[in-house]
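Letters go in sequence order (proteins before strands), and every chain restarts at 1.
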Amino acid sequence: MHPEKPIEMKQFISFVRKEFHHIFRDRTTMAILLILPVLMLLLFGYAINTEVKNSKIAVYDPSNDTYTRAIIEKMQASEYFSVVKMLKNEQEMSEQFKSGEVKMVIAFSENFHENLLHTGDAQIALIADATDPNSAKSVVNYATAIIAGYQLESQQLQQIPFQIDTQIKLLYNPQMKGAYNFVPGVMGMILMLICAMMTSISIAREKEMGTMEVLLVSPVKPAMLIIAKTIPYFFISLINLTTILLISVFILGVPVAGSLFWLLALSLVYIFVNLSLGLVISSVVNNQQTALLISGMVLMLPVIMLSGMMFPIENMPVFFQWISQLIPAKWYIIGVKQIMIKGLGFSAIMPQLAVLSGMAVLLIAISIKKFKYRLE
Amino acid sequence: MEKVIVVENLTKAFGRFKAVDQISFEVEKGEIFGFLGANGAGKTTAMRMLCGLSIPTSGKAIVAGYDIRTQPEMIKKNIGYMSQKFALYEDLTVAENIRFYAGIYHVPEKEIAPRTQKLLERLGLEHEKDSLVKALPLGWKQKLAFSVAVFHHPGIVFLDEPTGGVDPVTRRQFWEMIYEATDSGITVFVTTHYMDEAEYCDRVSIMVDGKIAALDTPANLKKEFDANNMDEVFYRLARNASRKAD
């Protein structure tokens with residue numbers, strides 16, 4: 001009898017080599033796997049843009065004094081707004097919104113300057129078209145910031161003692177770049193897609209084709225089969241991780257502010273979570289289509305909707321907030337933001353690392369148990 | 001003669017349903033043992049137990065000298081298996097498939113090349129070595145699958161309806177390969193739906209309702225049931241079955 005170790009190793013190598021053959025032979029899928037992250041990043045980077053630039057606004061200014069004109073000038077001068085219309089009466093306001101021509105109307109109260117000086121009760125209304133709530137919110141935020149800035153300036157000039165000093169400072173992402181938000185999101189999505197979806201499909205295919213039966217009769221140990229299956233997708237996701245980071249640093253201008261080491265460590269744990277998730281899925285499905293559907297519906301949708309990538313989790317109903325806790329991508333995306341954007345260190349991602357490690361251990365245990373169960 | 005499979009009162013129950021009900025038989029080295037039965041008679045369950053895939057509820061069986069209950073890993077190393085579904089990888093080449101199975105069955109490295117060469121010559125597939133398996137006609141695929149199943153020179157090869165969907169000429173060639181395998185000392189345990197194939201077996205067992213209803217050489221069975229061919233033998237036994245075919 002030969003020693004056990006090298007034989008097991010040879011078996012393992014044969015298996016991994018076979019898996020790579022599958023992937024390299026399927027050129028289309030491989031191309032998609034490698035190009036998808038690039039496409040998604042560029043799509044989010046250029047096509048889907050929630051940043052505010054040259055938003056069309058209208059102004060209703062019944063006072064028309066030095067103050068109001070100065071504020072309007074400020075608006076016009078900023079790169080965020082372009083004033084396209086001066087409204088003559090309030091009636092015109094609703095027409096403007098109905099035609100959809102402007103994103104926001106700035107309405108000053110009458111005798112603005114006078115009121116400001118004497119009663120302190122000068123009012124500005126910011127009325128935004130909230131059909132697209134995200135962009136309405138940012139338009140209003142920008143306008144508020146500009147007005148506050150102007151207020152500060154004029155306060156310094158006139159030394160009015162009772163006015164409140166409002167200062168706005170946008171931390172970590174001073175230019176409000178969308179890329180700072182979606183790069184971590186795309187990382188979470190792509191790694192999940194490749195690891196979980198592809199692993200589950202590749203095992204489901206063995207079942208569908210009947211080769212799984214032959215493998216089960218062979219001396220291959222289930223644990224080895226499982227590990228060998230995941231290795232190619234592990235490598236592909238490492239390639240993708242590199243591509244994403246290179247694109248985000250050199251093309252989208254999102255730097256890795258914190259430690260690259262901990263970013264990679266966090267990503268590795270996240271990859272393990274998804275690989276084992278793929279294994280769990282494959283243990284309950286018997287064909288590729290179901291595997292695809294489950295990974296698509298059960299994994300992709302919550303990641304897009306509930307991970308905080310698109311919509312802030314704090315705004316969700318409590319029920320969905322609870323569900324979002326169960327989504328690995330949510331923890332990963334937060335962790336990536338901590339390191340990449342905020343430049344924080346290990347201590348800041350400890351909770352995320354802990355939760356993801358816990359999930360990985362749990363899922364691997366389930367998948368091995370499930371797999372053995374199927375053997376019987 | 002050396003016994004390579006010894007089965008005693010082997011039973012597999014799922015709840016109260018006995019899929020395999022106290023079967024006993026022996027298979028000798030180099031024999032072609034036909035394992036027949038209607039769908040649902042318990043063939044597949046019995047075969048899964050013999051391959052170490054499923055643990056029996058009661059009874060015992062020794063396959064290739066190992067106990068199916070305690071040494072399934074040893075059994076897996078010493079048997080070959082070909083399933084009713086065609087089970088090579090279609091998106092791999094002929095050579096890659098052989099290489100893969102050689103690897104997982106621990107065929108020594110220096111043996112792989114000469115054995116592959118011999119196999120390809122035998123099948124007349126020398127020029128298809130680097131073709132994808134999906135490009136081959138079904139008959140060739142089946143022959144290749146069989147050759148791969150015995151590539152590691154197992155003591156016993158289990159064939160689960162190996163010739164399903166194959167034309168009669170190819171089936172004939174397939175059986176020639178089975179005979180060649182037995183000449184080199186391999187024992188063949190085969191299930192089939194084709195009664196003409198049952199005639200090629202040295203001995204045939206027929207399962208009805210989880211039990212072995214008959215076991216003998218095809219000639220003796222025909223004599224016993226006063227039948228002209230195995231088809232009639234099978235029909236006489238199977239029509240009394242209480243389990244409906246699925």
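Interface remark: A:E19 contributes no atoms to any contact with chain B (heavy atom separation under 4.5 Å). If you measure heavy-atom distances from A:L215 to chain B, the contacts under 4.5 Å come from the side chain alone. Neither the backbone nor the side chain of B:V148 comes within less than 4.5 Å of any heavy atom of chain A. Interface remark: B:Y101 contributes side-chain atoms only to the contact with chain A (heavy atom separation under 4.5 Å).
Looking only at heavy-atom pairs under 4.5 Å with chain B, the residue among A:M224, A:K18, A:M212, A:E213 that has the most is A:K18. Ranked by heavy-atom pairs under 4.5 Å with chain A, the list B:I79, B:L132, B:D160 is led by B:L132.
Residue A:Q289 qualifies as open at atom CD: its count of foreign heavy atoms under 6.0 Å is 12 or below. Within a 6.0 Å radius of CZ in A:F250, other residues, nucleotides and ligands contribute 12 heavy atoms or fewer. For B:Y179, the OH atom sits in a packed shell: over 12 heavy atoms of surrounding residues, nucleotides or ligands are nearer than 6.0 Å. With a 6.0 Å radius and a threshold of 12 heavy atoms from other residues, nucleotides or ligands, B:K118 has its NZ atom at or below the threshold.
In terms of heavy-atom proximity, A:G210 sits nearest to B:S83 at O-OG, 4.4 Å. Heavy atoms only, all atoms of each residue included: B:P108 and A:K10 are closest at CA-NZ, 4.4 Å. For B:L92 against A:H21, the heavy-atom pair with the smallest separation is CD1-CB, 3.7 Å.
For the residue pair B:Y105/A:Q11, the side-chain donor-acceptor check at 3.5 Å is not satisfied.
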Inset, instruction - Could you go through the side chain to side chain contact (heavy atoms under 4.5 Å, CB included) check for A:R25 and B:T93 one step at a time? - result: CA-CA 10 Å; A:R25 196 123 304 148; B:T93 65; 3.8 Å; yes
Inset, instruction - Test B:R99 against A:R17 for side chain to side chain contact (heavy atoms under 4.5 Å, CB included), laying out the working first. - result: CA-CA 10 Å; B:R99 190 80 192 65; A:R17 185 171 41 212; 3.3 Å; yes
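Atom CD1 of B:I104 and atom OG of A:S218 lie 3.5 Å apart (nearest 0.5 Å). Taking NE2 of B:H106 as the start and OG of A:S14 as the end, the distance is 10.0 Å to the nearest 0.5 Å. With values rounded to the nearest 0.5 angstrom, B:D91 atom CG is found 7.5 Å from A:M209 atom CE. The CG atom of A:L216 lies 12.0 Å from the OG atom of B:S54; values are rounded to the nearest 0.5 Å.
Using a cut-off of 4.0 Å between Lys/Arg side-chain N and Asp/Glu carboxylate O, B:E90 and A:R205 are scored as not salt-bridged.
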